[in-house]
Amino acid sequence: MVPARLSATRLRMLSALGAAGLVLFWSVAAASGIVPRTFLPTLRDVLLRLIELTHQPFAGNTLQNHLLSSLGRFAFGFALAVAVGIPLGLLMAWFRAIDRIVAPVFEAVRFVAPIAWVPFAALWFGTGIGGPVLIIFLGAFPPVLINTYRGAQFVDRKYIEASRMLGAGAWRGITQVMFPAALPSIVSGLRISAGLGWQSLVGAELIVASSGVGYLMVKGQAGLSTATVMSGMIAIGIVGSAIDALLRRMQRAMEARRGL
Amino acid sequence: MHQRRIAAGSGPGSGVALFLGSASRALSAIGALLFVWWAATDGTGLVSSVRFPSPSETWVAWQQILWEGYGSARWHEHVIRSVALVTLGFAASASLGVALGLAMGSSRTIEALVNPAFLFLRPIPPLAWIPLAIVWLGLGDSAKGMVIFVAAFVPSVINSFSGVRQIDAPLLEASAMLDVRGWRYWREVLIPGALPSIFTGLRLSLQASWTTLVAAELVGAVAGLGQILNQGAQDIYTAMILVGMISVASCGWLMTLALGWVERRAMPWRAH
Amino acid sequence: MATIEFNNVGRTFHQGDQSFVALKGVNLEVGDREFVAIVGPSGCGKTTCMRMAAGLEQPSAGNVRVDREVITKPGPDRAVVFQQFALFPWKTVWENIEFGLHSLRVPAKECTQRIEQYIALMGLSGYEKAFPHQLSGGMQQRVAIARAYVLDPKVLLMDEPFGALDAQTRVAMQEELVRLARRHPRTVLFITHAVDEAVYLADRVVVMSRRPGTVREIIDVKSIREAEQWDALPCIEDVMDQPAFVRLRTQIGKLLREQQGRGVH
Amino acid sequence: MATIEFNNVGRTFHQGDQSFVALKGVNLEVGDREFVAIVGPSGCGKTTCMRMAAGLEQPSAGNVRVDREVITKPGPDRAVVFQQFALFPWKTVWENIEFGLHSLRVPAKECTQRIEQYIALMGLSGYEKAFPHQLSGGMQQRVAIARAYVLDPKVLLMDEPFGALDAQTRVAMQEELVRLARRHPRTVLFITHAVDEAVYLADRVVVMSRRPGTVREIIDVKSIREAEQWDALPCIEDVMDQPAFVRLRTQIGKLLREQQGRGVH
Amino acid sequence: QPTELTEIKVSYQPALYWALPFFVATEKNWWAEVGLRPVFSVFPAGVPQMAAAASKSWDVGATGSVPAVLGFLRFGIRTVGLSNDESGTNALMASQAAAQQFVKNPASIKGQTILVTSNSTGDFAVQACLRKYGLSKSDVSIRNMGQAEIISALSSGGGALAGLWAPNTYQVEEKAGAVQLCSGKDGGVIVPGALVARGDYAQQNPENVAKFLAVYLRAWSWMHANRGEAIAMMRRFYEQGGTQVDDVSLQKEFATRPTFRLDQQLARMDRSRGDSEMDGWFSQIAHFMRGTGAIQNAPASNAYITEAYMKRVNADPKLREFANRTN
Ligand SMILES: Nc1ncnc2c1ncn2[C@@H]1O[C@H](COP(=O)(O)OP(=O)(O)OP(=O)(O)O)[C@@H](O)[C@H]1O
Ligand SMILES: Nc1ncnc2c1ncn2[C@@H]1O[C@H](COP(=O)(O)OP(=O)(O)OP(=O)(O)O)[C@@H](O)[C@H]1O
Ligand SMILES: O=[N+]([O-])[O-]
Ligand SMILES: [Mg+2]
Ligand SMILES: [Mg+2]
């Protein structure tokens, strides 16, 4: 049975319950002392540190400024991944020839970690914005491409056939049929990709380190300040969740439109 | 019903033929790539070897790691360690991730309960877990396994989840009418219906496992392909980094081929 | 015992900010082991009615009861043949038909026997191991019908089940359905757009009016059929030649045409 | 000028290791502006024939030509109404109908006018902005038909287009199709499982035999229709009352029953 | 003539002792006095710093001795001076729990696992210490990890022995009670820090390199003369780099890490009687790097260490005076 929709209040209640569970788990683990406080600070410690970081600079910047410079790099790399990944995925699904050229290379290269490219990124771009953007791009690109490609490939043939029968060429077939049909899968890909792009940030910030949440976390780790590291994680978590929430909203709007 | 028609004439090839087909295609792509690489570096000197290693330099590095070793082990030892680690982390996280994704997809209550934690923990880089992994699990394989697990978990969950949500409503209704519940509902309706999407997720999880390996092997690796990359980066030994990259890429590619084979077996109703 | 009751049922859909009344004040009682056919113009809400009886949709007003129980969810006591047949693409013909039987805990041997029987009956022999995508449209629909019949349910809900069948198969199916209905009478709600099919099969024919859909008229066929002993006639063509049949068909056809109204000229 | 030729067409499917001959030695010529209907038992290969004419599938043997050109791919010169109507779920009714017109570079104003005309004709007024999932089955099929008609193509390929329509709409559609076909004659290949529909609409009726599907017989209707001046009669019921019509229907029905053979008793 | 300032791209790593002069000189506005306008780029480690030289992201700077040698081999980076002698702060550390045992009986290190960032100055110091204890590399098992991971492991009990450098050494001492067992100095080796310049840049702009060196030297001269003020600036500089250590450790930086005045630099670089002292130090480093497999052949030290720029500072009376100024 299609899972029944829940009322808004019920939904909020359950979500709150889930969040409370997470906090409880953390508190119990921290209080139990199984892990020394240096390594698992209490929620309170972390929140205090988080607040402190917003007005007291650490590693040269306040938390929000670190976040801002990270976001800038992320936006660049992610936008590039989307701009290349979606069209390429659709083209690969529509034209066999492109698929045959791109797929083998891509299938191999995507297994190389974005941070493994750090040395090359540093060699090619030095301190320029290109290095971090390349790293984030490498992280964010594969899920966009794969989900677009597979989503497009698994589009019910009858739609593709209908569009061909109605005289639509490659352009309209791709943009008006394949793309909307694959959209649910593409959005799933975007969600994963945003997550991975955001994660590659730490790697990206290994190249030019004077700002960014990744930099802040590395510094916090070296300074044995787990609260700082966790503040960074929370900041990343919040921003990442916000991006994800945006994408999920898109996903739901689409589901509703199609009566799913 | 119309999706069948496209490939109908050829019929599903045998696994071996498919493998050989994609292998030969890949080989020709690799050949072309090798040539372009050679032409750009050794051939014309367009790209200086400061920026990118040439094939000859890479060959030398390859010989070095093959016979003398690099990063405290020889090539095959690195490969074996990494493949074992990735397989373990991937298998554990994929099975749990798919299960959670399916559960979230099938019940809005579970979705609402799990979402806060999931959404929040998800964007945290695997790298960021390393200090905690060290503290919790020490320097052994379990710490590395944990980092790989965390990374591979997410794509499995998301794709399984959306796979369930994409199943045609009439099919779910039909199974409700036929009173199919519990384990049978999962095995015969939800899982097969979500399978294409689940496999998309598994592919991404496999990739995440490999890409996280480099990070994971910061947790004190005795051997492993991530170790080649880390050490190569510390030594600015670009040719060796490339050897590491090619090794990782080949391993990942081969594992994907295997996954593709499983996928075709698992979905006999699809015209491939 | 199995009855279906629609008590003042209404259904409103929301399209953006507009709301749109599809059904209003539908009252209908299907007696135990009664065969009721619904005819009505396209879009008048027939499928919606059936989905509510199936428990796949909830009424916005009133309620639907089966055996006096208000329906809230689907159940195996009511088998459904959908307008779009909803076969599982990942199951073979055999597995699709077998699927619902498992929930009924039918012994394995009887299972096999029943499935084989319906596969033969539906002319699907030789296709047991084919997947739905390898079948023609008509064959797929036959599988969907077999999947419902094989359950031998108390209530059978059928939404234009013979729509995609060729004429011959259709006649065979209708005759089979009549035979089943008479031999093991059960409660059937049957949607069709073919008036003669409705008259041939049903005890009563419900004519629905267009938007907002409601029950326009209910025509009793059973009393005439029993009076004229149609069931004794060997085949459908003979029934259709009966003057009473022709009269009923004309009457219902006229009612329908009245509902047709605007739109298609 | 638009003709369709099937030259010794065969089609074999592979199911696992087995191969299975669906069509064998099909020869058929549809003349320019001729209306040919195909009837045949379910699964005999009608849809497969049409898909080959559409260019969606390739014959395993022989070839299919339109205007003497061997068909290799789909094109807007041949509009198709599918058995399963394949509306785009993400487009509204209006957008679905509009889709094909874009490829034809019809001026925007004429576009709007033509779409409006067919929306009215199909009784879809008021549903322009609805999505397919908000429509009833019959309404969806009418959108699919409008989507093909609006293109005004030289060749029209229709696979049981009226299958899901209610009787009244169906008659209206048939009359409309006849009117269109007579006023702007075009080449039509029309699959149906209703014999009277075939006789009413077609210039020639092709009866196919079951597995492996091939042309069993071709019946000329046109000469009789012209001789008896059916087109002068006001409505379909009148045509169906003509003795020549009844004779043809019976003849084709008998042929079909012969093909039915095993399976459905 | 403040409008005529020449831009020079300077690279360093944050929160390190030898980078302090850049901070001080900037605060004091000394760059402009020699006609330079520095543009800084900061790197988390020597490796990306060297790699960025390939795209000319910087012209001059300071770095560790290992990256300096690597930088020459890969990208033709020249070593033009000494930043400091960090022999005392590249050290083998023991965790709080294990320290007692190893202090009492260094021989018990045999068979243990040591966490090091391989092919780093820390690694170099650890190997020197092992030699001092009469052990060889094969007597222990070495694990390669980043410094941050080593800190986590050492302080959580995940590891007992590790090679670290300052200020990481202070972090584990202060916050996890770790103990320094043996420094590079104890092991009898010198771990220098390098002042570097991109090869082609140095050749084309010898004047700018000399000015850069003069500014760097002046900062040290001033700091040694004004210790109190220097410590305060150091704290600020470290905090800016995300490192917080207490005053004791800051004092220790000055106490344990000698720096070199102009005359001392020249003396260490003097090749009039064969190889210079500095040649010897770097040769040892290069030899060690060959041992780790980082490089195939150790380059001759005179290929990358050039005293020409230091001499240039000395030859120019104005620059010489500037470099030695203590105010
Ligand atoms: N989910 C929905 N959202 C909006 N409108 C809907 C929805 N489902 C059905 N409708 C509307 O309700 C009306 C009744 O639909 P229903 O499918 O019950 O018709 P029907 O009588 O079965 O028609 P047909 O004979 O063509 O199958 C239609 O006008 C349709 O547009
Ligand atoms: N992809 C396929 N793989 C295997 N068999 C197929 C495939 N497509 C069609 N067939 C077989 O070919 C035969 C003809 O199918 P087709 O859809 O053309 O029949 P049809 O005459 O249109 O039937 P209906 O009237 O039921 O729509 C059927 O027996 C079907 O099982
Ligand atoms: O500068 N070092 O990274 O040694
Ligand atoms: Mg309906
Ligand atoms: Mg068909």
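Reminder, nothing fancy here: chain letters follow the sequence lines and each chain counts from 1. Given the structure is predicted, the values throughout are model-derived calculations rather than measurements.
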Contacting region of Ser55(E) [heavy-atom separation from chain B under 4.5 Å]: both
Polar side chain donor-acceptor pair, Asn159(B) to Thr200(B), under 3.5 angstrom: no
Segment of Leu139(B) engaging chain E (4.5 angstrom heavy-atom cut-off): both
Tyr237(B), part contacting chain E, at a heavy-atom distance under 4.5 Å: both
Residue part contacting chain E, namely of Gln64(B), when any heavy atom lies under 4.5 Å: side chain
Crowding at NE2, His76(B) (>12 non-hydrogen neighbours, <6.0 Å): yes
Pairs of heavy atoms under 4.5 Å with chain B: top-ranked of Met50(E), Glu149(E), Arg74(E), Met145(E): Arg74(E)
Ala233(B) portion near chain E, given a 4.5 angstrom heavy-atom threshold: backbone
Selection from Gly157(E), Ala294(E), Gly76(E), Gly158(E) maximising heavy-atom pairs under 4.5 Å formed with chain B: Ala294(E)
Gln63(B) CD: over 12 foreign heavy atoms closer than 6.0 Å: yes
Where Val245(E) and Ser249(E) come nearest, the two heavy atoms and their spacing: CB-CB, 4.1 Å
Region of Thr117(E) that comes under 4.5 Å of a non-hydrogen atom in chain B: both
Non-hydrogen atoms of Pro192(E) and Leu82(E) that approach each other most closely: CB-CD2, 3.7 Å
Trace of the side chain to side chain donor-acceptor pair (under 3.5 Å) decision for Asp200(E) with Gln204(E): CA-CA 6 Å; Asp200(E) 49 343; Gln204(E) 285 153 23; 5.3 Å; no
